Amino acid sequence: MGRRRGVAVVGVALVCSGFACATEEPKASVPVSLGVAAAPSLSEAFIEIIGIFEEENPEVRVHLELGRSDDIAEGLSERNDLNVFASASEEVMELALARGTVADPQVFARNHVVVAVPSGNSRGVRGLGDLARPDLRVGLCALDAPCGKATEKLLAAAGVRPTGVTWESGSRALSARLADSELDVGIVYRTDVASSHGWVAHADIDARDQDLMQATGATRYVLARVPSGENGPGGEAERVAADEFRSLVTSDRGRRALENAGLDALPE
C-alpha cells in the first residue's frame, strides 16, 4: 500500500524568530466513511466481512444500509453517502448501470429460494405441491421483489398455483411471519432459514423439488461501485476504500463469510 487513506500528512514546520521557535502540530487524521447498501439477505455475510475490513483498515468506518434492491437503486442518483451497492437482482443492477449510477458491476454470489415452514412442520408440508392445499396459510414474496421473481419462476416450472396467498415485501419479512407461526408454509431464501436460529426450517421435500429450487428459483447477487459517493472532499480515499472492500468480498475470506451465511460464493 502507498499512502494511508484519509490521513492528512503534514510536515513539522519550525517558525523561528531569533532564538524562539514554535512547532506546528500535525493535523489529526480524519476517518474515511464508507457507505455500503445491500439486500437484507446479505446482512449476516456483510456484517462478518465489515468486521474483517474495519480491523484491517482502522482509518475506515463502514456504514451498512439494508433495503430492497430496487428501492436502493431508485435513489442512488441522489445519494452521496453510498460507495458500494450489493444487489439481489441482476435486472436492477443492469438498470442502474444504464442510468450511470453504478460502475464496475460484478456477480459474486448466488442464493435460491426454498420451501420453509415453522419449526416442527406441524402441518406436514412435504413439497411444492402442498402450497396449493386450501387448508394451509401460504406466504410468498411480492412479485416485484427479487425473491418474488425467483418464486414465480419456480412455481411456474413446478406447475403449482397456490391459493389464499399472503404477500410480503421480502424474504426476511416472510421468514419472521413463519417464525411466529402466522403462516404454515412459505417460499423464502435459504439464507433466511439459516439465520432464523431454528425458528424456521426447511420442509423435507423430494429430490425433484430440490432440483427445481436450485435450477429455477435462484438469485445472483451483483456488487458495484457508486460513483456519486465520491463527489465530496474525501472522494479519492473513499474510492480506494470501496475498491478494497469489494476485493475483500470476492476474496477467499469473503467467500467463506458468504458460505457461512448460506450463500454460494461464485468464483472470482
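Index from 1, following the sequence. What you are looking at is a predicted structure, and each value in this text was computed from that prediction instead of being measured.
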* Mind checking side-chain contact (heavy atoms from CB on, under 4.5 Å) for Pro118 and listing every partner two or more places apart, or none if nothing turns up? => Leu178, Ser181
Which residue pairs pass the salt bridge (charged side-chain N to carboxylate O under 4.0 Å, His left out) test with at least one member in [range], sequence neighbours excluded?
range	result
residues 151-174	Glu44-Arg172, Glu168-Arg177, Arg172-Asp192
residues 84-102	Glu74-Arg99, Glu90-Arg220, Glu91-Lys149
residues 222-232	Asp104-Arg225, Arg225-Glu230

Any non-hydrogen side-chain atom of [X] less than 4.5 Å from a side-chain atom of [Y]?
X	Y	value
Glu244	Leu248	no
Ser171	Ser175	yes
Gln210	His112	no
Val84	Val62	no
Val107	Tyr221	no

Minimal non-hydrogen separation, [X] against [Y], with atom names:
X	Y	value
Ala132	Thr163	O-OG1, 3.9 Å
Thr191	Ala261	CG2-O, 3.1 Å
Ala150	Ala218	CB-O, 4.1 Å
Ser119	Gly198	CB-O, 3.2 Å
Arg110	Ala215	NH2-N, 4.4 Å
Thr250	Gln106	CG2-NE2, 3.6 Å

Set of side-chain hydrogen bond (donor to acceptor under 3.5 Å, both in side chains) partners for [X], sequence neighbours left out:
X	value
Asp135	Arg123, Arg133
Asp70	Arg68
Thr219	Tyr189

Applying salt bridge (charged side-chain N to carboxylate O under 4.0 Å, His left out), can you list everything that pairs with [X], at least two apart in sequence or on another chain?
X	answer
Arg79	Glu65, Asp81
Arg208	none
Asp211	none
Arg253	Glu56

Point-to-point distance, once rounded to the nearest 0.5 Å, from [atom1] of [X] to [atom2] of [Y]:
X	Y	atom1	atom2	answer
Arg256	Ile49	CZ	CD1	11.0 Å
Thr101	Ile72	OG1	CD1	12.0 Å
Phe245	Leu223	CZ	CG	7.5 Å
Leu131	Ile187	CG	CD1	5.0 Å
Leu66	Phe46	CG	CZ	9.5 Å
Ser69	Leu42	OG	CG	8.0 Å

* To do: Determine, step by step, whether Asp264 and Arg190 satisfy the salt bridge (Lys or Arg N to Asp or Glu O under 4.0 Å) criterion, reporting the C-alpha distance in whole Å, the side-chain angles of both residues, the deciding distance to 0.1 Å, and the verdict.
  => CA-CA 11 Å; Asp264 293 323; Arg190 64 174 179 160; 2.7 Å; yes
* To do: Check step by step if side chain to side chain contact (heavy atoms under 4.5 Å, CB included) holds for Val185 and Asp130.
  => CA-CA 9 Å; Val185 61; Asp130 285 342; over 6 Å; no
* Asked: Short question: side chain of Asn111, backbone of Leu263 - any donor-acceptor pair under 3.5 Å?
  -> no
* **Short side-chain to backbone donor-acceptor contact, Asn83 and Gly35, under 3.5 Å** => yes
* To do: With sequence neighbours excluded, give me every side chain to side chain donor-acceptor pair (under 3.5 Å) pair touching residues 195-207.
  => none
* Under 4.5 Å between side-chain heavy atoms, hopping through other hydrophobics if needed: is there a path connecting Val125 to Ile205? -> yes
* To do: Determine, using the 4.5 Å side-chain heavy-atom cutoff (strictly less than), whether Leu95 and Leu76 are members of one ILVMFWY cluster.
  => no
* Before giving the answer on side chain to side chain contact (heavy atoms under 4.5 Å, CB included), spell out for Val222 and Phe108 the whole-Å C-alpha distance, their side-chain angles and the decisive distance to 0.1 Å. => CA-CA 6 Å; Val222 190; Phe108 69 99; 5.6 Å; no
